[in-house]
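What you see is a predicted model, and the numbers here were worked out from it, not measured in a lab.
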Amino acid sequence: MVQTVIIGFDGATFDVVDDIEARMPNLSSLMADGYHADLSSTDPPFTSVAWPAFVTGQNPGRFGLFDFIGHDPGTSDFYLNDTRKKDFEYFWDYIREGIGLASIPMVPYNDNCSFFVQGSLARVNEDLITQPPDLADRLPEYYDHQFDWEDDKDEIVESELRRIGAREELFCELVSTYDIPLYFLMFQAVDHLQHHFWAFMDEEHEAHRPSDYADAIPRLYERVDEAIGRILDCFDEPVNVVVASDHGFTGVDVEVDLDNFLAANGYTASDTSIESVSTSLGMKLKKLADGSVLEYLVPGWLKRRVSSQLPDESDMADQLDWEQTEVYRFGASPGMYINLEGRQQNGIVPESEFSKLKNRLADDLRALRGPDGEELIEFVADKDDVYEGYYVDHAPDLVVRGAGGVRLWAGLDKGQTVARSERAMPNSGMHAQDGILVASGPDFRDVEARGTADIIDVAPTLLNALGYGAPEQMDGEAITGALDNPSSTVSKPVRSERTRIKNRVLSLRQLQEV
């Protein structure tokens, strides 16, 4: 069997790659000799949703994650999403041979790996769990470094470059040590830097000024490309190489405060600002997650305020005046929930008014206009038109996506709904829908034109390349145009029930430790 190495390049976008392709000879060579495509992410295109879709081949309605924060409408309970609470079926569960996983977001401890380094958003009391256990002692300095955007800019850039170097060092050691058919390795530094340095690079951004940091993001792309080359040099024989990102990136042109929008249009009279949301969940965030969660949910200044003013006990549900709330949202997602009688614990909207209210809300969202009269919402869709599966009832009733460069969140001054983004830091960059997919090697086809693919199609494609069929519960389909010799007669996957139960017990045991 040909060995396969997957390299996660979190937040990578062809918008940057195409501009600096000459500085990325390794990725350019893989694109020239293989298949490459814009990889459509999930709604929303968040790390906590997109990587689970990538590794399960399923839409969020099947695995039940729609944001960093979860919500049970029947109890009004809000909680930090944790994959250990769910019995995920990852694509590698169907591979009979050994595999190695290093720092994949949202993926908790997995005992059937030859090597394992637990990824972000899946930590236990901030401990880094590894397999074998002593691998934790061999992690290089800066391997999991986190920065604060208010740190010295030179130090931020240099520390992220060192972080890439630390991961390159460990990944090369792992590839050289373990002779297994599948390696899955993750670089996240570029995503983190793009959030706060995008305006320095993007000459079209309102906050762009000539700066020494205009090349910071390209330098990190270039450094990841060097790491890709070094990792591939560790193999003696040709291998399959898949480079993928969970979403793309773009600049923030306009900001829309959705909580202020709801208040201005009479949908809620409560204070549901992101500050109150974050304060309510602050204790859980500190206890269950690494710093990257708060980095995604709130800007740095608010993260520090939350950390310094955390209540001993609080519940996000207490921040909402349910008797005055017809519609609400929470977390970082722009999705909208109707406070429905009989479904929500404190629901006030009669079933007879549900569709009418939902349609009015959708019309009000579509009517939003920017400072120059431009449309701000790309689409508003019913959850049943976007998701399917057991957890659809937990999804927002309306799935909302902003137009290009429109950031939908909460954080503007009270009473302000729309504003031009005029700051370089923080968050001059935001997640975009299309990430990247590059696949090259003996089992992949040489395709010159750039294609399009969906993030849920990657898992069945990988299984097909490895000689397995996709299980029925996967929503995605193998990208046959990428495969050199796609086959429908490959051996059917057989998931080890013993392995499934063992890892489920381990996950539940970890939860008891928190």
Side-chain angles (χ1 to χ4, degrees), residues 43-44 66-67 69 71-78 254-281 298 315-386 393-403 406-420:
D43 276 300
F66 304 97
D67 187 27
I69 298 171
H71 171 45
D72 182 355
T75 62
S76 298
D77 181 29
F78 297 85
V254 176
E255 298 175 291
V256 178
D257 190 311
L258 292 175
D259 291 341
N260 289 343
F261 159 82
L262 290 174
N265 286 275
Y267 293 107
T268 179
S270 59
D271 177 14
T272 55
S273 70
I274 196 167
E275 182 168 359
S276 64
V277 170
S278 301
T279 301
S280 302
L281 287 167
V298 296
D315 186 348
M316 179 176 161
D318 295 336
Q319 306 293 329
L320 301 173
D321 181 358
W322 294 104
E323 293 182 358
Q324 301 295 321
T325 299
E326 292 183 318
V327 181
Y328 62 96
R329 57 162 296 281
F330 58 88
S333 170
M336 300 286 181
Y337 291 80
I338 306 295
N339 191 22
L340 183 65
E341 277 185 358
R343 184 183 66 178
Q344 265 75 358
Q345 185 181 43
N346 302 293
I348 65 169
V349 178
E351 178 70 38
S352 60
E353 296 294 318
F354 178 75
S355 295
K356 181 179 179 181
L357 175 62
K358 187 169 59 172
N359 291 337
R360 175 162 62 89
L361 173 62
D363 289 342
D364 285 343
L365 285 164
R366 294 188 186 101
L368 277 169
R369 292 294 182 269
D372 298 324
E374 69 272 28
E375 294 185 0
L376 298 178
I377 303 299
E378 182 172 295
F379 81 81
V380 181
D382 189 278
K383 65 182 178 183
D384 292 323
D385 294 330
V386 179
D393 285 346
H394 287 212
D397 293 302
L398 284 180
V399 181
V400 185
R401 186 192 299 175
V406 177
R407 185 182 184 207
L408 305 178
W409 70 312
L412 299 178
D413 292 338
K414 200 163 187 176
Q416 187 177 18
T417 299
V418 176
R420 181 75 67 191

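- The shortest non-hydrogen separation linking Ile348 to Gln324 is CD1-C, 4.4 Å.
- Scanning both residues, Asp259 and Ala410, for their nearest heavy atoms gives OD2-CB, 3.2 Å.
- Nearest heavy-atom pair, Asp382 versus Asp384, reported as atom, atom and distance to 0.1 Å: OD1-N, 2.9 Å.
- Between the side chain of Asp372 and the main chain of Glu374, no donor-acceptor pair closer than 3.5 Å is present.
- Among all heavy-atom pairs drawn from Gln416 and Asp257, the shortest one is O-CB, 3.6 Å.
- Atoms CG and OG1, from Asn260 and Thr268 in turn, are 11.0 Å apart once rounded to the nearest 0.5 Å.
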(request) Please report the C-alpha distance between Asp363 and Arg366 in whole Å, then the side-chain angles of each, then the deciding distance to 0.1 Å, and finally whether the salt bridge (charged side-chain N to carboxylate O under 4.0 Å, His left out) criterion is met. (result) CA-CA 5 Å; Asp363 289 342; Arg366 294 188 186 101; 3.4 Å; yes
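- Of the possible polar contacts, one joining the Gln344 side chain to the Ile338 backbone as a donor-acceptor pair under 3.5 Å is found.
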(message) Please determine whether side chain to side chain contact (heavy atoms under 4.5 Å, CB included) holds for the pair Asp43 and Phe379, giving the CA-CA distance in whole Å, both sets of side-chain angles, and the decisive distance to 0.1 Å.
(response) CA-CA 11 Å; Asp43 276 300; Phe379 81 81; 3.6 Å; yes
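- Taking every heavy atom of both residues into account, Pro73 and Asp393 meet most closely at CG-O, 4.0 Å.
- Here the straight-line distance linking atom CE of Met336 with atom CG of Leu408 works out to 8.0 Å at 0.5 Å rounding.
- Put simply, the side chain of Pro371 reaches to within 4.5 Å of the side chain of Val418, judged on heavy atoms.
- Contact between Pro44 and Pro334 at its shortest, heavy atoms only, is CB-CD, 4.4 Å.
- Considering CZ of Arg343 and OH of Tyr337, their distance stands at 9.0 Å, rounded to 0.5 Å.
- From Leu412, atom CG reaches atom CZ of Phe261 across 14.0 Å, with rounding to the nearest 0.5 Å.
- Side chains of Tyr267 and Arg360 form a contact here, defined as non-hydrogen atoms less than 4.5 Å apart.
- Side-chain contact check for Asn265 versus Leu361: every heavy-atom pair is 4.5 Å or farther apart.
- Ring pair Tyr328/Trp322 is perpendicular by interplanar angle, where above 60° counts as perpendicular and below 30° as parallel.
- In this structure, NZ in Lys383 is found 8.0 Å from NZ in Lys358, a value given to the nearest 0.5 Å.
- Atom CG in Asp364 sits 11.0 Å away from atom CD1 in Ile377 (nearest 0.5 Å).
- Side chains of Phe66 and Val386 form no contact here, defined as non-hydrogen atoms less than 4.5 Å apart.
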(request) Could you check Leu262 against Thr325 for side chain to side chain contact (heavy atoms under 4.5 Å, CB included), going step by step and ending with a plain yes or no? (result) CA-CA 9 Å; Leu262 290 174; Thr325 299; over 6 Å; no
